[in-house]
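Structure first, then comments.
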Amino acid sequence: MATAKEYSVEEKLVSLLTLQKIDSKLDEIKTLRGELPMEVNDLEDEIAGLQTRLTHIEDEIAGIQKFIANKKNLIKEAEALIKKYEKQKDNVKNDREFNALQKEIEMQTLEISLAEKHIKEANEEIKEKNRMLELARQAIHDKEANLKIKKSELEKIIVETEKEESQFQKLATEARSKVDPRLLAAYEKIRKTYRNGLAVVPIERDACGGCYNAIPPQRQAEIKQRKKIIVCENCGRILVDAELHESVHLPGQKAAKAKS
């Protein structure tokens, strides 16, 4: 019965270092895109919000216009009643009937004045709403123009990097399958901890290549022996010696260098 191959610490480190270099290349591609994807999403959200605001203002204007139309109808009705009461005054039999009709005329006249006041105020409100409407439309126009530029920039970068990113994504998947599961879990956890995504770093000038904390000579000697996984006591990154770091290349990179 065949047994699973036991990998040496050095082989495990090589697998992990290979994965780190692939992931770092993918990080470079994402950095090249910068914050454009986020900026595009933010602009799309802002435009959607402004369009909702636009619709809300238009609905408000429609409501005010309906209010004005109702008040105009009320004025017409009041004017019709005044004419009716004025005509009736010609046929009154006593002062009591005359005063009652006069009071109705005064009430309808007051209704007209009040309705005209409400119409004037509503028209002023419409003016303000139209001003807000124009500002919202201008804001949408400006943001859509900016969005078009940002999308164009992003699409250009995506086109330029899409093929390369796809290749490295495949390489990363393959590389992950070759890393010890427990080591991979630790690697992923460390990568999430740091913005630069570096979980495996070399010793540089007697210090950790991640946090630049000094590494004692005895510790450096142990790292060079590649007999066990050693992490930086300060930042927790996995440490490798500079020689091993230099010897591990991205898949296909070594062949390309040899040709050149």
Side-chain angles (χ1 to χ4, degrees), residues 5 7-45 147-205 207-213 215 223 226 229-232 234-260:
K5 181 184 175 182
Y7 290 97
S8 66
V9 171
E10 182 172 345
E11 286 173 324
K12 289 179 181 179
L13 286 171
V14 168
S15 297
L16 200 59
L17 197 48
T18 301
L19 176 58
Q20 176 68 82
K21 293 200 172 188
I22 294 169
D23 279 339
S24 291
K25 191 65 182 176
L26 285 167
D27 291 341
E28 282 178 25
I29 293 170
K30 288 176 185 176
T31 301
L32 183 63
R33 291 175 188 171
E35 295 183 356
L36 275 174
M38 193 182 296
E39 288 175 12
V40 166
N41 288 336
D42 287 346
L43 279 169
E44 287 174 338
D45 288 344
L147 178 62
K148 187 177 179 182
I149 293 168
K150 296 288 184 187
K151 275 188 170 180
S152 178
E153 290 174 2
L154 182 58
E155 284 167 9
K156 185 180 177 182
I157 293 170
I158 288 172
V159 167
E160 290 172 351
T161 59
E162 195 171 29
K163 186 178 178 182
E164 187 180 20
E165 183 181 24
S166 179
Q167 289 172 342
F168 280 111
Q169 288 284 12
K170 288 177 183 176
L171 289 172
T173 302
E174 186 181 341
R176 273 177 171 75
S177 68
K178 296 177 181 178
V179 178
D180 178 85
R182 284 185 298 177
L183 202 53
L184 180 61
Y187 165 82
E188 297 289 7
K189 187 177 179 180
I190 298 168
R191 253 180 73 78
K192 289 176 184 176
T193 305
Y194 299 103
R195 289 184 65 184
N196 62 10
L198 291 176
V200 185
V201 294
I203 295 172
E204 297 175 347
R205 297 179 182 178
C208 168
C211 66
Y212 309 111
N213 193 56
I215 307 294
I223 292 166
R226 305 166 194 167
I229 306 295
I230 296 175
V231 300
C232 174
N234 183 58
C235 68
R237 289 182 173 93
I238 298 165
L239 296 167
V240 295
D241 59 280
E243 187 180 343
L244 181 63
H245 189 268
E246 287 298 319
S247 70
V248 174
H249 302 281
L250 289 167
Q253 191 180 58
K254 196 171 183 181
K257 284 185 176 181
K259 287 179 182 179
S260 60

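Owing to the predicted nature of the structure, the values given are computational and were not obtained by experimental measurement. Worth knowing before you read on, the calculation uses all heavy atoms, side chains too, and leaves out hydrogens, waters and symmetry mates.
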Query raised in the report: What residues, two or more places apart in sequence or in another chain, satisfy salt bridge (charged side-chain N to carboxylate O under 4.0 Å, His left out) together with Glu188?
Result: Arg176

Report task. Please confirm whether the backbone N or O of Gln20 pairs with a side-chain atom of Ser24, one donor and one acceptor, at under 3.5 Å? Result -> yes

Report task. List in chain and number order the residues that pass salt bridge (charged side-chain N to carboxylate O under 4.0 Å, His left out) with Glu153, two or more places apart in sequence or in another chain; answer none if no residue qualifies. Result -> none

Requested in this report: Could you pull out all residues at least two apart from Thr161 that satisfy side-chain hydrogen bond (donor to acceptor under 3.5 Å, both in side chains)?
Outcome: Arg33

Query - Those residues that, when tested against Asp27, pass side-chain contact (heavy atoms from CB on, under 4.5 Å) (two or more places apart) - result: Arg191

**Report entry** Test salt bridge (charged side-chain N to carboxylate O under 4.0 Å, His left out) applied to Glu39 - qualifying residues, sequence neighbours left out
**Finding:** Lys150

Requested in this report: State whether Lys170 and Glu174 are salt-bridged, where the test is any N-O pair (Lys NZ or Arg NE/NH1/NH2 against Asp/Glu carboxylate O) under 4.0 Å.
Outcome: no

Requested in this report: Please identify each residue that fulfils salt bridge (charged side-chain N to carboxylate O under 4.0 Å, His left out) with Lys189, with sequence neighbours left out.
Outcome: none

Query raised in the report: Between CG of Leu250 and CD of Gln167, what distance do you get to the nearest 0.5 Å?
Result: 11.5 Å

**Report entry** Nearest-0.5 Å distance that lies between atom OH in Tyr212 and atom SG in Cys232
**Finding:** 12.0 Å

Requested in this report: Show your reasoning for whether side chain to side chain contact (heavy atoms under 4.5 Å, CB included) applies to Lys21 and His249.
Outcome: CA-CA 8 Å; Lys21 293 200 172 188; His249 302 281; 5.7 Å; no

Query raised in the report: Taking only residues two or more places apart in sequence, or in another chain, which ones meet Val9 in a side-chain contact (heavy atoms from CB on, under 4.5 Å)?
Result: Leu13, Ile229

Query raised in the report: Can you name the residues that form a side-chain contact (heavy atoms from CB on, under 4.5 Å) with Glu28, not counting sequence neighbours?
Result: Lys25

Requested in this report: Measure from the side-chain N and O atoms of Tyr187 to the backbone N and O of Val179, and report whether any donor-acceptor pair falls under 3.5 Å.
Outcome: no

Query raised in the report: Any side-chain heavy-atom pair from Leu184 and Leu19 closer than 4.5 angstrom?
Result: yes

Requested in this report: State which residue, out of Gln169, Glu165, Glu160, fulfils the side chain to side chain contact (heavy atoms under 4.5 Å, CB included) condition with Ile29.
Outcome: Glu165

**Report entry** N/O donor-acceptor pair under 3.5 Å between Thr18 side chain and Val14 backbone
**Finding:** yes

**Report entry** Partners passing side-chain hydrogen bond (donor to acceptor under 3.5 Å, both in side chains) against Lys151 (at least two apart in sequence or in another chain)
**Finding:** Glu44

Report summary line: Contacts of Lys12 meeting side-chain contact (heavy atoms from CB on, under 4.5 Å) (sequence neighbours excluded), chain-then-number -> Tyr7, Asp180, Leu183

Query raised in the report: When rounded to the nearest 0.5 angstrom, what is the spacing between NZ in Lys148 and CG in Leu43?
Result: 14.5 Å

Report summary line: For Gly236 and Ile190 the tightest heavy-atom approach is O-CD1, 3.4 Å

Query raised in the report: CG/Leu198 to OG1/Thr193 distance, rounded to the nearest 0.5 angstrom?
Result: 12.0 Å

Report task. Would you give the length of the straight line joining atom NZ of Lys178 to atom CG of Leu16, rounded to the nearest 0.5 angstrom? Result -> 13.5 Å

Query raised in the report: Do the side chain of Glu204 and the main chain of Gly210 share a donor and acceptor less than 3.5 angstrom apart?
Result: no

Query raised in the report: Atom CG in Asn41, atom CG in Leu36: separation rounded to 0.5 Å?
Result: 11.0 Å

Query raised in the report: Which atom pair, heavy atoms only, marks the closest approach of Pro202 to Ala242?
Result: CB-CA, 4.3 Å

Query raised in the report: Under the salt bridge (charged side-chain N to carboxylate O under 4.0 Å, His left out) rule, what pairs show up with a residue in residues 237-250, not counting sequence neighbours?
Result: Arg226-Asp241

Query raised in the report: Do you know which two heavy atoms are closest between Leu26 and Ala172, and how far apart they sit?
Result: CD1-CB, 4.1 Å

Query raised in the report: Any side-chain heavy atom of Leu239 within less than 4.5 Å of one from Val201?
Result: yes

Query - Smallest separation among heavy atoms of Ile223 and Val240, with atom names - result: CG2-C, 3.6 Å

**Report entry** Partner set under side-chain hydrogen bond (donor to acceptor under 3.5 Å, both in side chains) for Ser15, not counting sequence neighbours
**Finding:** none

